[in-house]
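Single-structure report; data block below.
Please read these numbers as outputs of a predicted model, since none were measured by experiment. In what follows, every heavy atom counts, from backbone to side chain, and hydrogens, waters and symmetry copies are set aside.
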Amino acid sequence: MPSTDATACPHCGWPDRGEPFRVLSRHTTATGHTEWTRCGCGSLQVRVADGRGTRVVSRSVPAARTGAASH
């Protein structure tokens, strides 16, 4: 997954600080926590929350939709 300095998802434009996203897991760190989330478009994101706030530090392309017919 590439690093990101963006403030919105490059795939759907949804703001990084906005909803919807689904928290898949949260892990406590020495300085706060790390969250693995999924954006509304399906992009997997790694968010770090610490004394500097919460930010997306890495994201994937949106997950492939299964069951979609290809024409």
Side-chain angles (χ1 to χ4, degrees):
M1 282 189 275
S3 287
T4 180
D5 290 327
T7 58
C9 178
H11 308 293
C12 69
W14 198 262
D16 283 346
R17 297 196 188 280
E19 301 289 336
F21 66 88
R22 185 174 60 171
V23 176
L24 303 174
S25 66
R26 179 176 287 148
H27 308 276
T28 302
T29 65
T31 60
H33 65 268
T34 299
E35 295 178 341
W36 287 79
T37 64
R38 189 152 316 266
C39 181
C41 70
S43 173
L44 183 63
Q45 303 172 343
V46 179
R47 296 172 180 246
V48 172
D50 57 19
R52 297 188 304 163
T54 301
R55 63 206 172 278
V56 176
V57 296
S58 187
R59 70 175 93 229
S60 73
V61 297
R65 288 181 167 67
T66 59
S70 59
H71 296 280

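- Remark: Thr29 pairs with no residue by the side chain to side chain donor-acceptor pair (under 3.5 Å) rule, at least two apart or across chains.
- Among pairs with a residue in residues 43-52, those fulfilling salt bridge (Lys or Arg N to Asp or Glu O under 4.0 Å) read Asp50-Arg55, at least two apart in sequence or across chains.
- Test Cys39, Pro15, Pro62 against Cys9 for side chain to side chain contact (heavy atoms under 4.5 Å, CB included) and you get one pass: Cys39.
- The distance from the SG atom of Cys41 to the NE2 atom of His11 is 6.0 Å, given to the nearest 0.5 Å.
- In this structure a side-chain-to-backbone donor-acceptor pair under 3.5 Å is missing from Arg17 to Thr7.
- Between the OG atom in Ser43 and the CZ atom in Arg38 there is a gap of 8.0 Å [rounded to 0.5 Å].
- Counting heavy atoms from C-beta outward, Thr37 and Val56 have side chains that stay 4.5 Å or more apart.
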